[in-house]
Amino acid sequence: MNNLKILLNLPKRSIYSVVLLFFLSIVSFLPLSQNIFAADAPAEAAKEAAAPGVELPQFEAGQAPASSQSPEGQPAGEAGTATAAVEEEEAGPVQYRAFFGIDSRVIVWIVSELHLMFAAFVLGVPIFAVIVEIVGFKGGDIKYDKMAKEFTKLLSAAFATTASLGGLLGFCLYGLYPEFMGHMTNVFAPTMYIYALMFFGEAFTLYGYYYSWEILKGAAFKKWFHIMLGVMLNLFGTGLMFITNSWATYMMSPAGVAPLTGKLLSLSHAIYNPLWMPVNIHRLIANVCFGGFVVGAYAAVKFLGSKSEEERAHYDWMGYVGNFIGVGALIPLPFAGYWLGREIYSSSPVMGNIMMGGAFSWTFIIQAILIGMLFIGANYYLWLGMGRIKGSERYTKFFKYLIFVIFMCFAVWLTPHNLPLSGEERAMIGEQYHPFSKYFGVMAAKNAVVNLIILATFFSFLIYRRSNKGEMMPFSEQGKVGKVGIFSGVIFCLLMLVSYAISLNFVELEANMKVFVKPLIRALYIQSFVICLAAYLTFRNKGKLGQAILFAVTACIAVLYFWYYGFEVMQKANLVLRYLSVTQVSIVMSCLIMNAVIDIFMFRKAKLVGGIEWGKMPVRSQYALLLLCVVIVILMGLMGFIRSGLRMDWHVYGIMQDTSQWAYTPSLAYMGRIVGLIVALFLGLVAFVFWLAGLGDKKEKAKEHEYGEVSAGYED
Amino acid sequence: MNKSMLKITAFGVAVIGFYIYITMYVAGLSGTGGGESAGGVSPESGEKIFWGDGQCSTCHKIGSSGSATRGPDQDGLSGRAEERAKELGLPSGLDYLVESIVEPDKYIVKGYDKIMPRVFDPPIMLSREKILAVLAYLQTLGGEPDIGALMKYKDKIPEASKKKVKPWVPPMVVDAKEGEKVFFDETRPVTCGKCHVVNGRGKQVGPELTGIGAIQTPEYFLESILKPSAKIVKGYETMYVITTDGIPYNGLIKSETEEEIVLLKEESGEIEEVAIAKSDIQEMKKQDVSIMPGNIGELLSVQDFYGIVSFLQSLK
């Protein structure tokens, strides 16, 4: 009866289902339509493409290529009167197909981005689902296990959609870009079989992981087996992502092929191309971040629709965990992004210039706005969350300073390097750039403020952690665990800092450049010393002082000094900039790691001032979670555009040119509309898929209600 | 849909709407507008193209920006273009600029070679709009941009060629990655990286080769390696110096002051610096011989030779 009601309510409850059905029915018609057009390819277009001297990388010598696309880009079916015999003689392999005159690129853009977004969710969530399950199992807290299962339930619902979109993407690519996909298949065919096999592996482990949850409860060995299934799921998922990343990055920085013929020379080089590993790492972290924020939004939606205190408490806690994971992954993301950007520069300076100084530089202003919104939203949520923690009043005084710091950093990050000036303005100023704002627009300033935002957000998190913690047990009385923990933290940080400092001594630079590296080495050693000092102070029961000194020194070196020194290096020794940025990142990371370790062990046995009243969150806090989700989805869409667009009019950069009518770079405004559409479609689909996944719950809850079961309470 | 879902949907739509508004606003701010291309005809987009996908900076510098010397320094170009136009009997400096881009070999500045490619042809293939943007930027170098006047030349500028680059096929299977290794391999009798910088690696004795694959053909590389003196990049001509003691030197001028010159000379495959006081110089003249060894072809295996050519060709 309940199911019948649900079905009857379907149209009312989800308008997205109609949109989805319409969308799927349209796109499922695609491949068939392409074949119809391809059969009517015009002879003129074929002649055009088969002109003497035109050779295509993936065809054997002497085999002339042809196109079904007219030079003006009109749909092929509209032109051409040549006889069938001539067509048969001159028509060669098809380069491009169109779909009712619709921009093929937009279709591939939308489908691939939707697939990527679902895939990010499906790959990111299992990582923390397994971690949460392990935490629950080791700590014996059933609520962690329940939450991990709930994550996995969402996962299994999203998996089928991801796979369907992946299939659709494959059809679109092979149907609309046959020549390009021919080249990709020539290069990557063996990996495609491995991909398919790993996909089976992921499907089996995912469904095995989800459906065996209750069966494998009880004995420890059963639970560990279940956790192993989760680990296998992650390995398969990560492997899948690495394979597809090799395809995508090959398009940007091709390797292992003869540059001018496209002939495969080394598959391993094609896979392990210069951008492969940076993209792997960046996507791995970004997927966790993405998954965290989507789960946070799911919890927020559930929280807002909750009808009982228990439900609100559960979803408030889930939202907190989602946000924690999202922010946790967001913090190292700019570093991974910087590494990727640097590698893009290294693999092609032209592409690097297009990215940061050319057509795409303005997209980074939009990116800055979005990342600023993420950090502000995450901080705001944490500050609101402190309202439900007794004892947090001691720390609210810091909010105004944090707000000031974050907004100032945001403003600097937003400053473009060269604001467009009119001739009159230039004449007034007397130089090409604004004399004041130019100092905030360069990379040195942006790197500095990004690090400050990260430090500020981390500080927010620390005061959130401490909110309900009162009197601490002296560290010296905490036994071996604390000491080993702190010692491990020190060793890890020292290895990171000192090994990099040593490696800087051996960089291959001319003597006049090398002098600019010395201050970086000194900064790394100073930070190493401060790490040791903070640990020493912690051992002497002065951990808070140690943390404060570590924060202060890090801010002085990584933000203030490197802001200034960055300008020096940019002007006098640009090549050293890359070493400066890595030094900056290492110093900030060491501060975060050591401070977190000290905080964890220092407050390990602290008295609690009061508990956390889960569920006592203002409604606006849930909108902060929703904001984070929508923004991270938009950000993913934007960055997808940038990464893909950097190739400009090349399918495979420098090797296979895009000669279709859609080879131009879309304007920012057009990109904004398309990405907006993709985000709306994705969120609509997610809402629909989650709604489907929740159908079973309704029945269970009705049963629970019938038997008068009471949900477990939620405490810290 | 219940009330909370409606609010959530409205919130989501508002955030997406805000994003779309921001992109439109930034598009307006950047001068890219709502057109089909990311550029738009403005000095700002032209500047980006000059230093980016136009590849202009591979051969031209502007005052202290850039270091290329293959082509003339473009600092103050707008004013010079007016003077050149008068000398050549052209109506305006803009005509001179447009014709110099459309037909690069038509007016060659004294002391420079015919090396400028047609930027609308492969491999650069700038669109008409982008070329106009670059022209707008060039107008600002010593002058004021006049987009209205510029747009009158629109039809004189050809649309970018959509034909594919005719591929050069090495006579054997080679890998550009291997070529890169050979390029920088210092264990060999000859190391290209000792004199050429690529992407920040190597030493700047000869011309920098970063991005060279985007503007030069494989044939040019073949010739430059086998016959280095056939075409010498402007600014890298060898100087012949004979001192008052009768000692001759051949090398590149690294620096020059009122008192002395510093020559970079090749000695057994190594580059050495020699400082010579100007008072000790009896004779100094430019030579038609490159400092680059002429026997590189003999020192490399055929595989390595084509590997290096493939590597250079991949520098786009």
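Protein chains get the first letters and strands the later ones, always in sequence-line order, with residue 1 at the start of each. Being a predicted model, the structure only gives us computed values, none of them experimental.
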- Item | A:Phe690 CZ: over 12 foreign heavy atoms closer than 6.0 Å |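 Yes - once you tally the heavy atoms of other residues, nucleotides and ligands closer than 6.0 Å, there are more than 12.
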- Task: Mind listing the closest non-hydrogen atom pair of B:Ser4 and A:Gly305 along with its distance?
- Result: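 Scanning both residues, the minimum pair turns out to be OG-CA, 4.3 Å.
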How many angstroms lie between [atom1] in [X] and [atom2] in [Y], if you round to the nearest 0.5 Å?
{"X": "A:Leu304", "Y": "B:Lys3", "atom1": "CG", "atom2": "NZ", "answer": "13.0 Å"}
{"X": "B:Thr23", "Y": "A:Tyr670", "atom1": "OG1", "atom2": "OH", "answer": "13.0 Å"}
{"X": "B:Ile16", "Y": "A:Arg673", "atom1": "CD1", "atom2": "CZ", "answer": "15.0 Å"}
{"X": "B:Tyr25", "Y": "A:Ile369", "atom1": "OH", "atom2": "CD1", "answer": "9.0 Å"}
{"X": "A:Leu264", "Y": "B:Asp175", "atom1": "CG", "atom2": "CG", "answer": "10.0 Å"}
{"X": "B:Ile20", "Y": "A:Met671", "atom1": "CD1", "atom2": "CE", "answer": "10.5 Å"}

- Message: Working note: B:Tyr19 + A:Ile366, criterion side-chain contact (heavy atoms from CB on, under 4.5 Å); need CA distance, chi angles, decisive distance, verdict.
- Response: CA-CA 8 Å; B:Tyr19 164 72; A:Ile366 301 168; 3.7 Å; yes
- Message: Can you tell me which of B:Phe50, B:Phe18, B:Phe11 forms the most heavy-atom pairs within a distance under 4.5 Å of chain A?
- Response: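 Between B:Phe50, B:Phe18, B:Phe11, the count favours B:Phe11.
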- Message: Assess the residue pair B:Lys177 and A:Leu265 against the criterion (side-chain contact (heavy atoms from CB on, under 4.5 Å)); give the C-alpha distance rounded to whole Å, side-chain angles, the decisive distance to 0.1 Å, and a yes or no.
- Response: CA-CA 10 Å; B:Lys177 276 273 167 204; A:Leu265 303 171; over 6 Å; no
- Item | Set of residues satisfying salt bridge (Lys or Arg N to Asp or Glu O under 4.0 Å) with respect to A:Asp103, sequence neighbours excluded |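 Here no residue qualifies.
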- Against chain B, label A:Leu370 side chain, backbone, both or neither, depending on which of its atoms sit under 4.5 Å from a heavy atom there.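 Answer is side chain: those atoms of A:Leu370 sit under 4.5 Å from chain B.
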- Message: As an exercise: rank A:Val619, A:Leu626, A:Ile634 by heavy-atom pairs under 4.5 Å with chain B and give me the winner.
- Response: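 Answer, by heavy-atom pair count under 4.5 Å with chain B: A:Ile634.
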- Highest number of heavy-atom pairs under 4.5 Å with chain B: which of A:Gly676, A:Gly256, A:Ala297, A:Cys629?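 Looking at each of A:Gly676, A:Gly256, A:Ala297, A:Cys629 in turn, A:Gly676 comes out on top.
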